[in-house]
Amino acid sequence: MKVVLAALLVALVTSSARSDEALDTRLKALENELRCLVCQNQTLADSNAPLAEDLRKEVRDLATGGKSDAEIRDYLVARYGDFVLYRPPVKSTTYLLWFGPFMLLAGGVATWWVLVRRRARVRANSGASPPSAGESAAAARALLDD
Amino acid sequence: MKALRWSLPLAIFLVILGFLFVGLFRDPREVPSPLIGKPAPAFSLSQLHQPERTLTTTDMRGQVWLLNVWASWCVSCRVEHPLLVDLARANIVPVIGLAYKDKRDDGLGWLKANGDPYKLSIVDQDGRVGIDFGVYGVPETFVIDKAGIIRYKQIGPLTADALKQTILPLVRELQRS
């Protein structure tokens, strides 16, 4: 009887420890994506500000109360705005933020393409053929010998 | 095509210049509150002077009021305090004081020393109501209309300019409607 009881106790303790660990890693991941409003370049996980402590406690309470990560995020966004999220949501006001860099990249590629084409055309029109391998090697050697 | 060669970089330069110039006058610490235009969060807090009595959001229905979040440990609250005292004297709009994460005795002592401009003071000892209101930098001041909707939020100390140019005109407009 005693053995069974002890085994049960051990099982209980280890299982609760395991779920605590799972909760901790989950909260850690969540807090790393949330911004501390007081020291704006720190995450909720990193910050020692009193408000960050309160918010960490709040997040933990919500999580143990059965709220999902998305619900916790919504809870904070409703109070502090999208600014608490380190990963800004994709919506009409953030299209430029999300897609701007790709537009710039596309613009750069297009410019590069146009320039290359134009240079090729100029070379073709002037009738000069690109230097042969031997010529290039000779030019390179001349440069190195200098 | 030739003209594009110098006009395009110039245009890009001017656009960047414009963004940087506007950026000079913006305060990154002021985060726009998502609560503006939304009902003030419901609360029921114990009063500072009479702990056994509470104040709830619904008690303020039907009037325009200001909620000033302050604390005895907050340094910049001292800066805005004379303005609040003047405002109370002018008797334009009731101001409710919310002592944020403050000990009751500290709050009472602070009000005794600096003057009490509040129609009523409440205490949010654990900061839960502060979180509901999205408070992150004390002092903060909310303008709340007759229907209990938050209309404006001042982050940081009140200034004479902010009062005269934004808050009081807004209060008068809300009182008329």
Side-chain angles (χ1 to χ4, degrees), chain A residues 31 34-44 47-63 65 67 72-86 88-89 91 93-94 96-97 100-101 103-105 107-108 110-112 114-115 117-119 121-122, chain B residues 1-2 4-9 11-13 15-16 18-19 22 26-43 67 69 71-76 98-103 124-140 142 150 153 155-156:
Chain A
E31 284 159 5
L34 296 170
R35 187 191 304 273
C36 166
L37 274 297
V38 183
C39 25
Q40 295 183 346
N41 289 326
Q42 276 188 309
T43 64
L44 216 50
S47 175
N48 291 320
L51 180 67
E53 260 165 52
D54 290 350
L55 286 177
R56 274 200 299 269
K57 190 174 159 289
E58 194 74 24
V59 166
R60 178 173 283 272
D61 288 351
L62 288 170
K67 291 271 193 288
I72 294 172
R73 250 180 248 130
D74 288 347
Y75 173 91
L76 288 169
V77 167
R79 283 156 181 75
Y80 296 100
D82 288 335
F83 194 68
V84 291
L85 305 173
Y86 261 110
K91 55 186 193 185
T93 47
T94 56
L96 194 63
L97 182 70
M103 275 155 54
L104 279 180
L105 183 68
T111 312
W112 173 76
V114 166
L115 287 178
R117 286 285 300 276
R118 198 192 299 159
R119 197 167 297 167
R121 208 178 308 127
V122 168
Chain B
M1 212 52 191
K2 267 265 160 57
L4 213 63
R5 199 162 233 171
W6 59 267
S7 64
L8 193 68
I12 294 173
F13 170 73
V15 167
I16 293 175
F19 274 105
V22 170
R26 297 187 60 142
D27 182 1
R29 301 206 67 86
E30 274 189 26
V31 182
S33 173
L35 287 167
I36 287 166
K38 302 237 172 72
F43 63 80
L67 179 75
V69 184
S72 64
W73 46 262
C74 150
V75 179
S76 43
L98 177 91
Y100 175 69
K101 299 196 78 176
D102 214 350
K103 291 198 191 79
D124 180 24
Q125 245 149 3
D126 53 8
R128 286 293 305 270
V129 172
I131 291 178
D132 281 345
F133 271 87
V135 170
Y136 66 90
V138 199
E140 288 186 11
F142 296 82
I150 296 177
K153 176 187 182 184
I155 297 160

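Here is how names work: the chains are called A, B, and so on, in the same order as the sequence lines, proteins then strands, and each is numbered from 1. Computed from a prediction, not measured in an experiment: that's the story for all the values here.
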Query raised in the report: Quick one: what part of B:Lys38 sits under 4.5 Å from any heavy atom of chain A, side chain, backbone, both or neither?
Result: neither
Query - Options B:Asp132, B:Leu35, B:Asp126, ranked by heavy-atom pairs under 4.5 Å with chain A, top entry - result: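 Ranked by heavy-atom pairs under 4.5 Å with chain A, first place is B:Asp132.
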Query raised in the report: Can you find a pair of side-chain heavy atoms, one from B:Lys101 and one from A:Asp54, that are under 4.5 Å apart?
Result: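 A side-chain contact under 4.5 Å exists here.
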Report summary line: Test side chain to side chain contact (heavy atoms under 4.5 Å, CB included), reference B:Val69, set B:Asp124, B:Val135, B:Val129, output is B:Val135
Requested in this report: Mind checking side-chain hydrogen bond (donor to acceptor under 3.5 Å, both in side chains) for A:Glu58 and listing every partner two or more places apart, or none if nothing turns up?
Outcome: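 Expected list: A:Tyr75, B:Arg128.
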Report task. Specify whether B:Phe43 and B:Phe133 have parallel, tilted or perpendicular ring planes, treating 30° as the upper limit for parallel and 60° as the lower limit for perpendicular. Result -> tilted
Query raised in the report: Is it the side chain or the backbone of A:Val84 that comes within 4.5 Å of chain B heavy atoms, both, or neither?
Result: neither
